[in-house]
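Let me begin by presenting the structure, written as structure tokens, before commenting on it.
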Amino acid sequence: MQTYKFRLYPDEKGREKLGQTLELCRQIYNHFLEELDGRDDVPPRTELQSQLPNLKEEWDELDSVHSKVLQMVLYRLYSNLKSLSEKKKNGYKVGRLRFKGKGWFKTFTYNQSGFRIVKTENRLDILKLSKIGEIPIRIHREVKGKVKQITVKKAQSGKWFACIQTDHEENRESGEGIVGIDLNTENYLTDSDGNVVENPRFLEEKEEKLKKEHRNLSRKEKGSKNREKQRVKLGKAYEKLVNCRRDFIHKLTTAYVESYDTIILEDLNIDEMCEGSRYAKSNLSASWGLFKELLLYKAESAGVEVVLVDPKDTTQECNQCGSVVPKRIWNREHKCPECGFETTRDHNSALNIKKRGLNKLGRGQAESTPVDTGASTLTHVRASSVVESGSSFLTSKAS
């Protein structure tokens with residue numbers, strides 16, 4: 001399966017119909033959640049869906065929503081309840097699902113039917129949605145495969161998007177070689193080949209703007225049109241931050257998948273790392289979870305093996321002799337008193353990650369050069385180089 005995300009450009013009437021559909025989906029979700037709230041067992045999905053015809057007779061407005069859309073709302077609720085139930089059975093302490101307030105239900109889905117894409121010779125094509133009508137859509141890249149599902153999403157910025165899922169299986173090309181990657185906040189990452197990718201620090205760059213927009217929002221009267229306008233303005237500021245971060249991580253992960261056939265990472269527990277930490281903000285801003293998520297799905301499509309290893313003491317152990325060299329978080333250099341090996345803290349960690357991954361794969365230790373008491377030569381890659389050159393930055397090795 002492959003998913004494409006395209007911007008929708010509805011007119012005023014189209015925005016109204018999309019908004020009405022979203023609101024009815026929210027109400028259906030809350031209606032069935034209230035009915036099921038407190039039950040220990042989760043009823044079959046078919047049992048939930050069988051109630052829709054009777055509900056439509058009592059609730060006239062539901063006739064304006066396509067049947068598949070309503071079924072997918074119930075599927076979403078069923079999946080959430082099932083997931084909580086499974087976690088509870090496995091001994092996890094779980095709460096209850098929350099009711100969706102206005103503005104907190106952001107998507108609805110057409111599955112298998114109820115949609116059609118009409119190509120035009122203009123910049124904007126047409127997306128036909130049953131019970132809604134024709135919505136202009138900007139399809140900026142070729143959609144490969146048969147369309148199986150379309151999810152319509154409203155962003156906090158007020159923009160509408162269509163996520164088109166097809167049955168196309170993308171086959172990416174991979175490179176050759178093995179690399180260990182150490183994710184950190186001093187730089188975004190350091191790998192075992194000596195590449196040091198700069199941390200773009202998008203949040204720091206845009207934080208003052210976000211604070212200003214938050215202050216402006218707090219001054220607006222609740223329920224007023226000015227507050228709604230400011231809320232959209234704030235949403236656009238956050239959207240720009242998220243887009244910059246995702247673009248950077250997309251290009252970074254693509255570069256590694258196209259350059260190596262085995263990638264080794266630490267299996268980080270990010271929640272545990274951030275709990276009570278003064279560095280939680282920096283850790284979360286780096287979006288290591290997103291890096292791992294994008295890397296895994298791209299690696300799968302390219303046949304690249306991703307190995308996750310235990311992160312314990314990767315920065316403390318000397319890669320050359322295995323001695324423990326204690327370091328505090330602010331100590332950024334590794335200097336081994338036993339063998340004299342010197343490099344940066346993060347490069348030493350990346351080398352250890354690679355070694356552990358090879359041991360886990362049963363390939364033995366990576367070949368290492370004789371110990372050099374001088375500092376290792378590293379290649380520093382600017383964040384702007386990643387954004388500008390995309391996946392080619394590893395071969396160009398801009399500095």
Side-chain angles (χ1 to χ4, degrees), residues 175-199 252 255-256 259-270 272-273 277 279 282-283 286 288 291-292 295 304-383 385-386 393-399:
E176 295 182 354
I178 304 169
V179 67
I181 297 177
D182 175 65
L183 297 170
N184 53 84
T185 53
E186 179 74 15
N187 297 289
Y188 191 83
L189 65 77
T190 303
D191 68 32
S192 55
D193 286 346
N195 295 302
V196 182
V197 179
E198 177 190 17
N199 189 339
L252 189 59
Y256 275 97
S259 301
Y260 299 95
D261 58 17
T262 303
I263 300 173
I264 306 169
L265 293 173
E266 292 175 298
D267 190 10
L268 298 173
N269 186 332
I270 300 171
E272 190 176 286
M273 289 174 62
S277 170
Y279 304 105
S282 298
N283 293 344
W288 295 330
F291 178 90
K292 178 181 172 182
L295 184 71
V304 173
E305 187 170 16
V306 177
V307 182
L308 301 176
V309 300
D310 184 1
K312 186 178 180 182
D313 292 337
T314 53
T315 58
Q316 309 298 323
E317 291 179 6
C318 176
N319 174 258
Q320 295 293 324
C321 66
S323 301
V324 176
V325 184
K327 306 177 191 69
R328 303 300 295 269
I329 189 68
W330 52 83
N331 300 136
R332 308 312 302 177
E333 298 297 321
H334 171 81
K335 297 179 181 180
C336 181
E338 298 295 328
C339 67
F341 179 58
E342 293 185 17
T343 186
T344 65
R345 170 198 186 103
D346 301 323
H347 184 226
N348 178 69
S349 178
L351 292 171
N352 282 330
I353 290 166
K354 180 177 179 179
K355 182 186 290 186
R356 291 184 185 187
L358 290 173
N359 289 336
K360 190 173 182 178
L361 292 170
R363 301 186 192 177
Q365 295 186 354
E367 292 183 8
S368 59
T369 55
V371 174
D372 182 0
T373 55
S376 301
T377 302
L378 303 178
T379 303
H380 292 269
V381 182
R382 298 191 306 271
S385 298
V386 178
F393 85 90
L394 275 178
T395 54
S396 60
K397 291 187 179 179
S399 60

For the atom pair CD1 (Ile263) and CG (Leu308), what is the distance rounded to the nearest 0.5 Å? 11.0 Å
Can you name the closest pair of heavy atoms from Cys318 and Val325 and give their distance? CB-CG2, 4.4 Å
Sub-4.5 Å side-chain heavy-atom contact between Trp288 and Leu189: no
To check you understand the geometry: which heavy-atom pair defines the closest contact between Ser192 and Ile178, and what is its length? OG-O, 4.4 Å
When you compare the side chains of Asp182 and Asn184, does any donor N or O come within less than 3.5 Å of an acceptor on the partner? yes
Measure the spacing between CG of Asn352 and CG of Asn319 and express it to the nearest 0.5 Å. 5.0 Å
Looking only at non-hydrogen atoms, find the nearest pair between Asp261 and Gly175 and report the distance. CB-O, 3.4 Å
What closest approach, in Å, do Asp346 and Asn187 show between heavy atoms, and which atom pair accounts for it? OD2-ND2, 4.4 Å
In a check of side chain to side chain donor-acceptor pair (under 3.5 Å) between His334 and each of Arg345, Glu342, Lys327, which one passes? Lys327
Please report the interatomic distance NE2(His347) to CG(Asp191), rounded to the nearest 0.5 Å. 7.5 Å
Does Lys355 reach the main-chain N or O of Gly180 with its side chain, forming a donor-acceptor pair under 3.5 Å? no
Distance in Å, Asp310 CG paired with Ile353 CD1, rounded so as to fall on 0.5 Å steps: 10.5 Å
Straight-line distance of Phe291 CZ to Leu265 CG, nearest 0.5 Å: 6.0 Å
For Cys339 versus Gln320, what's the shortest heavy-atom pair and its separation? SG-CB, 4.0 Å
Would you check if the side chain of Asn331 reaches a backbone N or O of Arg328 as a donor-acceptor pair within less than 3.5 Å? yes
Run the side-chain contact (heavy atoms from CB on, under 4.5 Å) check on Leu361 and Glu305 step by step: do they pass? CA-CA 10 Å; Leu361 292 170; Glu305 187 170 16; 3.2 Å; yes
To the nearest 0.5 Å, how far apart are CD in Glu317 and CG in Asn348? 9.0 Å
Chi angles and distances behind the side-chain contact (heavy atoms from CB on, under 4.5 Å) call for Val309, Ile264: CA-CA 7 Å; Val309 300; Ile264 306 169; 3.8 Å; yes
Does a side-chain N-to-carboxylate-O contact under 4.0 Å join Lys292 and Asp267? yes
Say whether Asp193 and Tyr260, considering side chains only, have a donor N or O and an acceptor N or O under 3.5 Å apart. yes
Hey, does the side chain of Glu198 reach the backbone of Ala383 with a donor-acceptor pair shorter than 3.5 angstrom? yes
Nearest heavy-atom approach of Ser349 to Glu266 is OG-OE2, 4.2 Å
